[in-house]
Every structure is written in structure tokens, then in C-alpha cells.
Amino acid sequence: MNNINDFNKDYIFPSLTNEEQEQQPNTEDSDHENEENKPTENLKSFGTQNVPTLPQDIQFISIIGEIEGHMVSPPQKKATKYEHIMPLLVAAEQNPEIKGIFIILNTIGGDVEAGLALSEMINSLSKPKVSLVLGGGHSIGVPLATSSDYSFITPTATMTIHPIRMTGLVIGVPQTFRYFEKMQQRIINFILRTSSIDRETLLKLMYDTDEIANDVGTILIGGEAVSFGLINEVGGFSNALNKLKDLIANNNG
């Protein structure tokens, strides 16, 4: 032992023989193996053994709460940003593995321009699409529900039909009212184009004064929406999913 370096090497950090090195565990491999086993260990700790796998040929899109448009909704409101839904729809149309689109609705309405833009986007997709109204499809949620190839509504879900409204500062000039009228006609024409309801019935429901205490319009519950021709069928998730699968099969055939 000639110097302190030899002492450190031989006693503080003793070298291993070739045989001892072969017996040492490979830390890199063990760390990699532990990383791979983490999901399994986590599942076991939570008492889950099977990992559910979603079908890769259907794109599920949920539109819930208030439809947020050009103005940001308050933080305490549940909202769906239309700029988040648009890329999902574009990706579903472009992805060859996606065969169908399932739209789940539970919305109170919101921004008319954004909601109508989403409705037109959904309606213009070439792939089969089915919509399901769960809790509600109110206001601009009505054209969102009718934008699909086939629509469902659960027995307890509601759809509220009423004229467009605006909150905040409104300039009281004839041009403003003409703008409202044109906007209303855009929504009416879309609903007529994508459902079986007739114009006279739709306008009667929209301007009814006996249904809502503090507003004009009509609330339709479950089968009522089907009887008026707005929605195709009363049913739940499984009914809607089976219908979409049938549309996909017919489209592929």
C-alpha cells in the first residue's frame, strides 16, 4: 500500500472479482422491470385484476355543461370549450381506424355561434355518428342532438326549445333585432334539415308561453321529443352503441 489512494481503493471501495461481479444484480434491468410492474402492482393494491380496454374503432365525445364560445365562462361553471371538440372531430374524420362517432350530450346550451358550428361540423362528417341525450340537450343543445345520423334520448332526459337570448349590453337599434332574427332562422333551418319536425310545430314549441314560468318555450321530456320528430328513439347507452355498430357495419358493407 503505497499511498492513500491505494487505501481508499482497496478498503473503502474494494474492487470486485469477476466472479463477484457476475453475481451482482443488474440494477438497470431491475429498475426497468420495476417500472413495467408498477401498473400491475398498483392494480393489485386497489383490488383490480383486469384492465378494461375501450374499442379503438369508435370515437366517444362528450359535450357537457355550458358550451363555451368566444367568451370564457366563469370558473365555477362546468363548460365544454368548442375549440377542444373541433380537433377531436377533425381527428376522427381523418383517422382510418375510427369507424364511427358517439356524441354524449348533457348540456344547458350556451354560445349560439359555437354550438351551431359544432352542430354543422358533426353533421358534415362522413363517418356514421349517433348522439345520446342523457340529462339534457337544452337550447343550442337541440341542434347538437339532431346533427347526428341517428339520435337517442333517455326516458328522463329533457330538451328545452326557446328563442335565442342575449345577456349584457344590447344596442337597441333595428339592426340588432334583424341580427337576432337571422341567427334564429339559422338555428331553425338546421333543426328542420336534420330532424323530422315540421316548421309550424317547431315554432309553436319555441314561442309557447304556457310551459316555462319566466320564459317562452317548451320543455320536452324523453318520449315527447320523439313524438314531435326531434329525436329518433328513446333509449340508453347500449341502444345507442348498438345502433352505431349497425351503421358502421352498413357503411363498411
Side-chain angles (χ1 to χ4, degrees), residues 61-74 76-82 84-85 102-123 129-148 150-168 180-181 183-197 199 201-237 240:
I61 297 177
S62 59
I63 301 176
I64 60 175
E66 181 176 323
I67 300 169
E68 185 179 281
H70 305 298
M71 301 296 293
V72 178
S73 299
Q76 66 271 19
K77 279 191 176 182
K78 185 78 71 175
T80 296
K81 299 177 183 291
Y82 84 107
H84 291 175
I85 304 298
F102 194 119
I103 308 294
I104 301 173
L105 290 167
N106 186 10
T107 176
I108 60 172
D111 189 286
V112 175
E113 288 276 0
L116 196 56
L118 284 174
S119 301
E120 288 284 11
M121 185 69 179
I122 294 170
N123 186 250
K129 45 209 175 283
V130 165
S131 63
L132 171 63
V133 181
L134 287 174
H138 305 163
S139 188
I140 199 63
V142 175
L144 280 168
T146 64
S147 63
S148 62
Y150 203 88
S151 56
F152 284 85
I153 186 170
T154 58
T156 58
T158 60
M159 301 183 74
T160 303
I161 306 169
H162 63 72
I164 63 171
R165 298 167 298 188
M166 181 176 290
T167 59
F180 276 14
E181 185 178 6
M183 179 66 72
Q184 189 67 72
Q185 286 304 316
R186 290 167 60 191
I187 297 172
I188 291 173
N189 291 337
F190 182 88
I191 295 174
L192 294 176
R193 173 160 51 94
T194 56
S195 71
S196 301
I197 195 170
R199 179 179 292 272
T201 302
L202 179 59
L203 294 178
K204 182 179 182 302
L205 295 174
M206 186 172 291
Y207 295 106
D208 193 357
T209 58
D210 297 331
E211 282 281 331
I212 306 176
N214 60 349
D215 198 359
V216 295
T218 303
I219 300 175
L220 302 178
I221 303 175
E224 292 178 336
V226 177
S227 64
F228 282 109
L230 273 178
I231 300 296
N232 294 112
E233 188 176 335
V234 176
F237 180 81

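Distance check, rounded to the nearest 0.5 Å: CD1 of I164 to CE of M206 gives 9.5 Å. How far OG1 of T158 is from CG of L134: 11.0 Å, rounded to the nearest 0.5 Å. Rounded to the nearest 0.5 Å, atoms OG (S147) and CG (L118) are 8.5 Å apart. If you take NE2 on H162 and NE2 on H138, they are separated by 9.0 Å, rounding to the nearest 0.5 Å. Between atom CD1 of residue I221 and atom OG1 of residue T156 there is a gap of 9.0 Å, rounded to the nearest 0.5 Å. Note: S196 OG to I191 CD1 = 13.0 Å, rounded to the nearest 0.5 Å.
Looking only at distances, no side-chain donor or acceptor of S139 sits under 3.5 Å from a matching main-chain atom of G141. The backbone N or O of A114 lies less than 3.5 Å from a partner atom in the side chain of D111, making a donor-acceptor pair. Of the possible donor and acceptor atoms, none in the side chain of D208 sits under 3.5 Å from a partner among the backbone N and O of G217. Formation of a donor-acceptor pair under 3.5 Å by the T107 side chain with backbone atoms of G65 is found in this model.
The side chain to side chain donor-acceptor pair (under 3.5 Å) with S151 is formed by just one residue from the set T194, N232, T146; it is N232.
Residues Q185 and R199 approach most closely at OE1-NH1, 3.5 Å, considering heavy atoms. Taking each heavy atom of Y150 and E233 in turn, the nearest pair found is OH-OE1, 2.8 Å. Closest non-hydrogen pair, G229 versus S195, comes out as O-CB, 3.5 Å. Closest approach of I153 and A225 over heavy atoms only: CD1-CB, 4.2 Å. Minimum heavy-atom separation, S131 to S148: OG-OG, 2.9 Å. The two atoms that bring F152 and V234 nearest to each other are CD2-C, 4.3 Å, heavy atoms only.
Under the 4.5 Å side-chain criterion, counting only non-hydrogen atoms from C-beta, M183 is in contact with E113. Contact of the M159 side chain with the I231 side chain is registered, since non-hydrogen atoms from C-beta on lie closer than 4.5 Å.
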So N123 and R193, side-chain contact (heavy atoms from CB on, under 4.5 Å) or not? Walk me through it.
CA-CA 10 Å; N123 186 250; R193 173 160 51 94; 3.6 Å; yes

Please step through side-chain contact (heavy atoms from CB on, under 4.5 Å) for the pair D215 and T160, ending with a clear verdict.
CA-CA 11 Å; D215 198 359; T160 303; over 6 Å; no

Stepwise, does the side-chain contact (heavy atoms from CB on, under 4.5 Å) test hold for L192 with L202?
CA-CA 8 Å; L192 294 176; L202 179 59; 4.1 Å; yes

Stepwise, does the side-chain contact (heavy atoms from CB on, under 4.5 Å) test hold for L144 with I67?
CA-CA 11 Å; L144 280 168; I67 300 169; 3.2 Å; yes

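Within 6.0 Å of CD in E181 there are 12 or fewer heavy atoms belonging to other residues, nucleotides or ligands.
Of the charged side-chain nitrogens involved, none lies within less than 4.0 Å of a carboxylate oxygen, so that E120 and R186 do not count as a salt-bridged pair.
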